[in-house]
Amino acid sequence: MDTFVIEGGRRLSGTLRINGSKNAALPLLVAALLTDEPVTLRDVPDLADIRNMVRLLGELGCERIAAPDPSVLTLKVHDATQSHARYDIVCTMRASISALGPLLAKRGYAKVSMPGGCAIGERPVDLHLRGLRALGADITLSGGDIVARAPRGRLQGAKMFLGGQFGSTVLGTANVMSAATLAVGTTVIESAACEPEIVDLANLLNSMGARVTGAGSPRITIQGVDALRGADHTVIPDRIEAGTLMCAAAITNGDLVLENCPLDALMAAREVLSAAGVHIAELGHRVAADPMRVSCRVTCDRVLKPAEFTTQPHPGFPTDLQAQFMALLTLADGNSIITERVFPERFLHVAELSRMGARLLRQGATVVVQGVRQLVGAPVMASDLRASAGLVLAGMAAQGTTIVHRVYHLDRGYEKLEHRLCAVGARITRIDDKDLPAADA
Ligand code: EPZ
């Protein structure tokens with residue numbers, strides 16, 4: 001298994017480009033199931049989750065048409081008879097649940113293995129099912145699979161409330177919105193997720209001929225159409241990668257320019273960074289520019305200040321940046337308070353950061369971070385994608401060597417992260433843990 005060996009204490013400086021968003025790209029890829037024509041996506045990151053999704057879509061009869069540029073993916077359905085998303089793929093990637101709505105809407109039938117829990121919590125799919133049932137789907141559970149049928153082959157538009165006890169659902173909204181594009185009549189989703197990834201999906205669906213309005217707000221309206229066509233779409237840049245690299249600049253007291261940065265999607269995170277003494281200056285003039293693709297320079301005060309934040313659905317502070325910001329605030333001069341309201345159990349990084357000298361006190365869904373002057377390198381274990389990113393950040397700031405085990409978690413969401421960080425001054429080596437000295441293995 002791959003491991004990172006990080007020599008801490010090196011200041012980052014230089015320019016990095018933000019890649020296309022993983023979490024936008026996954027449901028965009030699945031939208032290819034909604035049409036018989038080719039769908040081309042540009043700026044798709046080369047990640048394990050993306051490759052798994054392409055494999056799943058292949059099993060569902062949607063083939064990839066070869067293109068010279070690996071970041072361009074063209075998918076086209078050639079066989080609409082296979083509608084089973086099997087357990088062995090779904091268990092590697094929960095986003096496979098996104099196939100349920102499109103399969104059901106286009107083929108009238110879908111069988112998708114029920115995703116289990118994962119390192120960040122239970123992760124139920126009841127809201128996905130509630131939304132699809134509201135569209136008339138008949139849904140049962142059989143042998144661990146969700147089996148869904150559209151009566152007489154076609155879903156029916158409906159008005160529905162899609163909020164749950166933790167707020168809106170991103171992939172649930174994506175699933176129902178995608179399915180409703182081919183339903184008969186009008187669908188209104190109340191308490192829809194407002195994430196930029198939902199807006200990106202609505203934009204792709206509309207360029208395929210769908211009639212979706214209100215995406216980015218809590219009420220999305222979809223007027224069903226009879227068929228969708230192919231499209232060519234560029235994926236939005238990854239706001240979580242951007243936020244992670246902002247923390248990388250700040251935690252190393254560095255100076256990074258981020259290009260293709262979706263600043264408008266990071267307002268809550270910017271507030272916290274600003275409170276902590278991290279400065280983000282937009283480069284160039286905005287008037288005609290796309291606020292989702294700007295260049296900015298990230299620098300910070302020599303001493304970080306403490307800050308408080310609570311994760312919430314967008315436009316609140318993203319749960320996917322909680323671990324990285326916790327790593328950053330371990331070095332602030334004072335006490336910070338972090339509360340997790342999206343996945344209240346998403347704290348596996350707390351114990352690992354503590355191994356590096358962080359002073360963290362968890363009470364339920366809140367962690368008090370008592371800033372320390374210095375983190376100390378240690379062997380640590382990555383537990384999920386964003387926790388791994390937090391550990392890499394901590395390792396870059398720590399004194400001495402940090403060994404991050406199980407970086408396959410990180411590879412699910414960050415393309416060649418170590419190469420990119422090394423290009424701006426970090427010292428990170430990827431090795432197989434078999435090659436570690438016995439004491440560190
Ligand atoms: C998406 O997961 C992202 N994944 C997650 O990113 C992200 O953490 C999450 O949204 C929240 O922003 C992808 O886009 C592939 P939710 P999703 O449904 O859609 C509860 C990463 O690190 N809920 O918005 O599965 C749920 O338990 C990943 O890149 C229900 O109760 O998350 C949670 O508390 C990890 N019932 C809250 O809603 C449901 O049916 C929000 O989850 C669905 C969700």
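Every number for a ligand or one of its atoms is a count from 1 in the order of the listing. Computed from a predicted structure; not experimentally measured.
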Q: Considering residues, nucleotides and ligands other than R133, do more than 12 of their heavy atoms fall under 6.0 Å from its CZ?
A: yes
Q: Can you list the residues that meet the side-chain contact (heavy atoms from CB on, under 4.5 Å) rule with T181, with sequence neighbours excluded?
A: L34, L205, A210, V212, I222, L228
Q: Which residue supplies the protein heavy atom nearest to atom 15 (C) of ligand 1, what is that atom called, and how far is it?
A: N23 OD1, 3.3 Å
Q: Is ligand 1 under 4.0 Å from a heavy atom in the side chain of H409, in the backbone, in both, or in neither?
A: neither
Q: Looking only at the side chains, is there a donor atom on one of Q322 and T311 sitting less than 3.5 Å from an acceptor on the other?
A: no
Q: Give the atoms of ligand 1, by number and element, whose distance to some non-hydrogen atom of R346 is under 4.0 Å.
A: 8 (O), 22 (O), 35 (C)
Q: Considering only non-hydrogen protein atoms, determine which one is nearest to atom 29 (O) of ligand 1 and report residue, atom name and distance to 0.1 Å.
A: R386 NH2, 2.7 Å
Q: Measuring from atom CZ of F317 to atom CE of M267, what distance do you get when rounded to the nearest 0.5 angstrom?
A: 14.0 Å
Q: Consider every N or O of V170 and every N or O of ligand 1, then say whether any pair is closer than 3.5 Å.
A: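 Yes; the residue has a nitrogen or oxygen that sits under 3.5 Å from a nitrogen or oxygen of the ligand.
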Q: I'd like to know if the side chain of S274 and the backbone of R270 have a donor-acceptor N/O pair within less than 3.5 Å.
A: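 Judged by distance alone, no pair lies under 3.5 Å.
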Q: Students should be able to answer this: which protein heavy-atom is nearest to atom 26 (C) of ligand 1, and at what distance?
A: F343 CE2, 3.8 Å
Q: Check side-chain hydrogen bond (donor to acceptor under 3.5 Å, both in side chains) between K22 and all other residues, then give those that pass, not counting sequence neighbours.
A: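 Here no residue qualifies.
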Q: Nearest non-hydrogen atom to atom 40 (O) of ligand 1 belongs to which of L129, L127, D49?
A: L127
Q: Between P102 and S178, is there a side-chain heavy-atom distance shorter than 4.5 Å?
A: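 Sidechains of P102 and S178: in contact.
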Q: Tell me if the CD atom of E271 is crowded by more than 12 foreign heavy atoms within 6.0 Å.
A: no
Q: Answer side chain, backbone, both or neither: which part of V342 comes under 4.0 Å from ligand 1, heavy atoms only.
A: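 For V342, backbone and side-chain atoms both sit under 4.0 Å from ligand 1.
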Q: Hey, is CZ on R10 packed in by over 12 heavy atoms from elsewhere, all under 6.0 Å?
A: yes
Q: Could you work out, for atom 44 (C) of ligand 1, the closest of G164, P124, G413 by heavy-atom distance?
A: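 Nearest option to atom 44 (C) of ligand 1, by heavy atoms: P124.
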Q: Are any of the N/O atoms on R94, whether in the backbone or the side chain, positioned under 3.5 angstrom from an N/O atom of ligand 1?
A: no
Q: Taking side chain as C-beta onward, heavy atoms only, is V342 less than 4.5 Å from F166?
A: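 The answer is no, as the side chains (C-beta and beyond) never meet within the 4.5 Å cut-off.
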Q: I'd like to check which ligand 1 atoms, numbered from 1 as shown, lie under 4.0 Å from a non-hydrogen atom of H128.
A: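 Ligand 1 atoms under the 4.0 Å threshold to H128: 40 (O).
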Q: Any side-chain heavy-atom pair from N19 and E241 closer than 4.5 angstrom?
A: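 Yes, side chains in contact.
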Q: Within the 3.5 Å criterion, strictly below it, is a donor on T339 or T366 matched to an acceptor on the partner's side chain?
A: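 Side-chain D/A pair, T339 to T366: present.
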Q: When you compare ligand 1 with A95, is there at least one nitrogen or oxygen pair between them that comes in under 3.5 angstrom?
A: no
Q: Please list, in number order, the atoms of ligand 1 under 4.0 Å from a heavy atom of K22.
A: 21 (C), 29 (O)
Q: For ligand 1, does D320 get within less than 4.0 Å through its side chain, its backbone, both, or neither, judged by non-hydrogen atoms?
A: side chain
Q: Report the nearest protein non-hydrogen atom to atom 36 (N) of ligand 1: residue, atom name, distance rounded to 0.1 Å.
A: D126 OD1, 2.7 Å
Q: Give me the nearest non-hydrogen protein atom to atom 25 (O) of ligand 1 as residue plus atom name, then the distance to 0.1 Å.
A: R123 NH2, 3.0 Å
Q: Using a 4.0 Å heavy-atom cut-off, which part of L385 comes near ligand 1: side chain, backbone, both, or neither?
A: side chain
Q: Which atoms from ligand 1 have a heavy atom of T319 less than 4.0 Å away?
A: 8 (O), 11 (C), 12 (O)
Q: Look at atom 18 (O) of ligand 1 and say which protein heavy atom is nearest, naming residue and atom and giving the distance to 0.1 Å.
A: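 Result: T169 OG1, 2.6 Å.
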Q: Is ligand 1 less than 4.0 angstrom away from at least one heavy atom of S168?
A: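 In this structure, S168 qualifies as a contact of ligand 1 - some heavy atom is under 4.0 Å.
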Q: Is H314 touching ligand 1 with its side chain, its backbone, both, or neither, if touching means heavy atoms under 4.0 Å apart?
A: neither
Q: Look at atom 19 (O) of ligand 1 and say which protein heavy atom is nearest, naming residue and atom and giving the distance to 0.1 Å.
A: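 I find the closest protein heavy atom is L171 N, 2.7 Å.
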Q: What protein heavy atom sits nearest atom 20 (C) of ligand 1, and how far off is it?
A: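 Its nearest protein heavy-atom neighbour is F166 CD1, 4.2 Å.
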Q: Measure the shortest side-chain to side-chain distance between L391 and M381 over non-hydrogen atoms and say whether it is less than 4.5 angstrom.
A: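 L391 vs M381: side chains apart.
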Q: Any side-chain heavy atom of I337 within less than 4.5 Å of one from V369?
A: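 No. Closest side-chain heavy atoms not under 4.5 Å.
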